[in-house]
Amino acid sequence: MNAIINNERKRSFVIFMILLLFFLGMFAVYGLGVYNDSEQYITMHIHREPLYPLFLLLCRKIAGESAGLVFSALIQNILTVLGIFYLVRYLQKNFSLTIWGELILLILELLPHLVTKYVSALGIFLENSIMSEALCIPLFQFFLLFTLRMLFEKKKSDAVCSLAFAFLLSMTRGQMMTTILIWMIAAGVVLVMQKQYRKLAVPLLIVVCVFGARSLSVHVYNYFVTGYFMGNTYGKVNTLTNVIYACDKEDGEVFEEDSEERAFFELFYEEADALTASYRYAGGTVTERAAHLEDYHDILKFQVLEAHFSRYYFGLDTDYYTQSSLSDAMAGKMLRKLLPECFGQWLYDYLLLCRNGFIRSIAIVHKWINPAAYLLYFAAAALSVIVCRKNRKSRAVYVMGLALLFIIANVCATSLTIMCLSRYMIYGFSLFYMALFLLIVEWRRNTAGHAKEAGGYLDKKKMRERDGD
């Protein structure tokens, strides 16, 4: 017994040291990464969710203004080490993996960090960067850990911890509000497994309260930072960007002739046309159209929509926060009238963004790689069905279900407002491949088990025949 405990401790130590050396090594080699978005987090910009700016502020308070950002990047790396370590160790114990199986999980956890650094166009090692994804990654690992514990062990404490991490994720990046909905589905699955059907409304009521608490928290945070009791702005401007991209000139007729909305639309449309930032210039193939939309989203958003909104509202002698609020309100008004007019084209573009998002969740977008990504999804679904038919309580199927559910939610939510860049899709990468690996492990064990049973049956039959002779 002591030998088993000692071996487990050694394995834990080896796994932890590999993780620590990898992340601290990357930190030592590449150092701090400060990018265009970093300043908005540091200055607690109204566009950004509260948790990451507060995290940076706390790090600056602890380490001082000069060393605060370096200290925050160091903490991000350590938190990621802890998140991956505990998740990998939990999966190893639940699936009784060998040391080689556990090392495969470890490699799969490290792969997306290498992909975003060395393969994707971003070229960023996220955990060294001053971007909210650097905090989201470890928080997401802990969310997965407690969600799986909730599904496997059905303890209320795990459900509470899972929901708490979902809330923290939503306060770090808006797109991660999907984890709150995923928690609701997972909690519902647990209740169904326990045949507590009358309690199925409870997770829904909890989620409604959590969304309300999130909204209130954001408003209170912004009040203390800006003096305005308001939510984060710019989400509607993001969404309007892709709607303008999908518009034709006659769509502007939905607005009254001399209205502000009509004036803004005509400005947006003319400049988008001049910049070729419209679906009409996107090319013929699916790949060309998706690439064009992704290439021109930021150009259209910053150079056209934001530029005209800012120029107009600052001209009314308003401060920045009022201007941001007015811009978002105007974008909302325009969305409600424009979207029904161009819905068909917008939906087509949205599906193109989703298509790239699904590929980037498990691979990179490339004409030779895209078919392989589709096949991997098909293989994962088919293998899940096969394993589930052998064992309806298969834990590997639950892991894959969680992976696919998150990827679908993340892609569909992100595509509503912006394109699915690799750093937005990184969260589902490791989860998908770990789930696929665990499915293969269970499938092989099931196959070996049935073969052993069949062999045992044949041996018994031979013995009976021999005894009969």
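Computed over heavy atoms, backbone and side chain alike; hydrogens, waters and symmetry mates excluded. Count residues from 1 along the sequence.
- The ring-ring contact (aromatic ring centres under 6.0 Å, His included) with Phe140 is formed by just one residue from the set Phe429, Phe165, Phe406; it is Phe406.
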Please walk me through it: do Tyr41 and Ser132 pass side-chain hydrogen bond (donor to acceptor under 3.5 Å, both in side chains)? CA-CA 8 Å; Tyr41 297 113; Ser132 60; 3.1 Å; yes
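- Checked by atom type, the side-chain pair Asn232/Tyr221 shows no donor-acceptor distance below 3.5 Å.
- Ring pair Phe432/Tyr377: centre-to-centre distance below 6.0 Å.
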Run the side chain to side chain contact (heavy atoms under 4.5 Å, CB included) test on Leu148 and Leu87 for me, step by step, so that the C-alpha distance in whole Å, both residues' side-chain angles and the decisive distance to 0.1 Å come before the verdict. CA-CA 9 Å; Leu148 291 173; Leu87 180 59; 4.1 Å; yes
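- Side-chain rings of His219 and Phe224 stay apart, their centers remaining 6.0 Å or farther from each other.
- Annotation: Phe268 is in aromatic contact with Phe309 [ring centroid separation under 6.0 Å].
- Looking at Tyr427, its side chain never comes within 3.5 Å of a backbone N or O of Ile407 through a donor-acceptor pair.
- We find the CG-SG distance between Leu169 and Cys136 to be 5.5 Å, quoted to the nearest 0.5 Å.
- Using a 4.5 Å heavy-atom cutoff, the side chains of Ile42 and Pro53 are not in contact.
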Would you check, one step at a time, whether the test side chain to side chain contact (heavy atoms under 4.5 Å, CB included) holds for Tyr424 with Glu133? CA-CA 8 Å; Tyr424 304 149; Glu133 288 86 358; 3.4 Å; yes
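- The aromatic ring centroids of His292 and Tyr296 lie less than 6.0 Å from each other.
- Here the closest non-hydrogen pair linking Arg360 and Cys420 is NH1-O, 2.9 Å.
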Could you go step by step and tell me if Asp273 and Tyr281 meet the side-chain hydrogen bond (donor to acceptor under 3.5 Å, both in side chains) rule? CA-CA 9 Å; Asp273 193 60; Tyr281 302 95; 2.6 Å; yes
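- Between Phe378 and Tyr374, the gap from one ring centroid to the other reaches at least 6.0 Å.
- Looking only at distances, a side-chain donor or acceptor of Ser72 sits under 3.5 Å from a matching main-chain atom of Leu69.
- In this structure, Arg289 contributes its side chain and Gly283 its backbone to a donor-acceptor pair below 3.5 Å.
- With respect to Glu102 and Arg89, a salt bridge is recorded, a charged nitrogen being found less than 4.0 Å from a carboxylate O.
- A donor-acceptor contact shorter than 3.5 Å links the side chain of Ser430 to the backbone of Leu108.
- Tested against Ile359, the residues Asn370, Ile364, Leu376 include a single side-chain contact (heavy atoms from CB on, under 4.5 Å) partner, Asn370.
- Atom CG of residue Leu74 and atom CD of residue Glu127 lie 11.5 Å apart, to the nearest 0.5 angstrom.
- Remark: Lys301 does not engage Glu306 in a salt bridge, criterion side-chain N to carboxylate O under 4.0 Å.
- Relative orientation of the Tyr269 and Phe265 rings is parallel, given thresholds of 30° and 60° on the angle between their planes.
- Side-chain contact between Leu82 and Pro138: absent, with no pair of heavy atoms (C-beta onward) separated by less than 4.5 Å.
- A distance of 11.0 Å separates CG of Asn410 from CG of Leu431, quoted to the nearest 0.5 Å.
- No donor-acceptor pair closer than 3.5 Å links the side chain of Gln76 to the backbone N or O of Leu135.
- Here the side chains of Thr80 and Leu19 are not in contact, with every heavy-atom distance at 4.5 Å or above.
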For the pair Ser361 and Val411, evaluate side chain to side chain contact (heavy atoms under 4.5 Å, CB included) and give the outcome as yes or no after the intermediate values. CA-CA 8 Å; Ser361 294; Val411 168; 3.6 Å; yes
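- Ring geometry, Phe22 versus His113: the interplanar angle exceeds 60°, so the pair is classed perpendicular (tilted spans 30 to 60°).
- Separating the CG atom in Asn238 from the OG1 atom in Thr414 is a distance of 11.0 Å, to the nearest 0.5 Å.
- We find that Lys333 and Glu261 are not joined by a salt bridge, their nearest charged nitrogen and carboxylate oxygen being 4.0 Å or further apart.
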Donor-acceptor pairs are to be reported for all side-chain atoms of residues 154-164 against protein atoms at under 3.5 Å, with residues two or more places apart or in another chain.
residue: Lys154; atom: NZ; partner: Leu151; partner atom: O; Å: 3.3
residue: Asp158; atom: OD1; partner: Arg149; partner atom: NE; Å: 2.9
residue: Ser162; atom: OG; partner: Thr147; partner atom: OG1; Å: 2.7

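- A donor-acceptor contact shorter than 3.5 Å links the side chain of Asn128 to the backbone of Met26.
- In this structure, Phe23 and Phe125 have tilted ring planes: the angle between them lies in the 30° to 60° band.
- Within 6.0 Å of the OH atom in Tyr86, the count of heavy atoms belonging to other residues, nucleotides or ligands does not exceed 12.
- When atom types are taken as modelled, the side chain of Glu49 and the backbone of Gly174 share a donor-acceptor pair closer than 3.5 angstrom.
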Side chain to side chain contact (heavy atoms under 4.5 Å, CB included) for Val81 and Phe16? Distances and angles first, verdict last. CA-CA 7 Å; Val81 167; Phe16 185 79; 3.7 Å; yes
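- Taking the six-membered ring where the residue is Trp, the centroids of Tyr245 and Tyr279 are separated by 6.0 Å or more.
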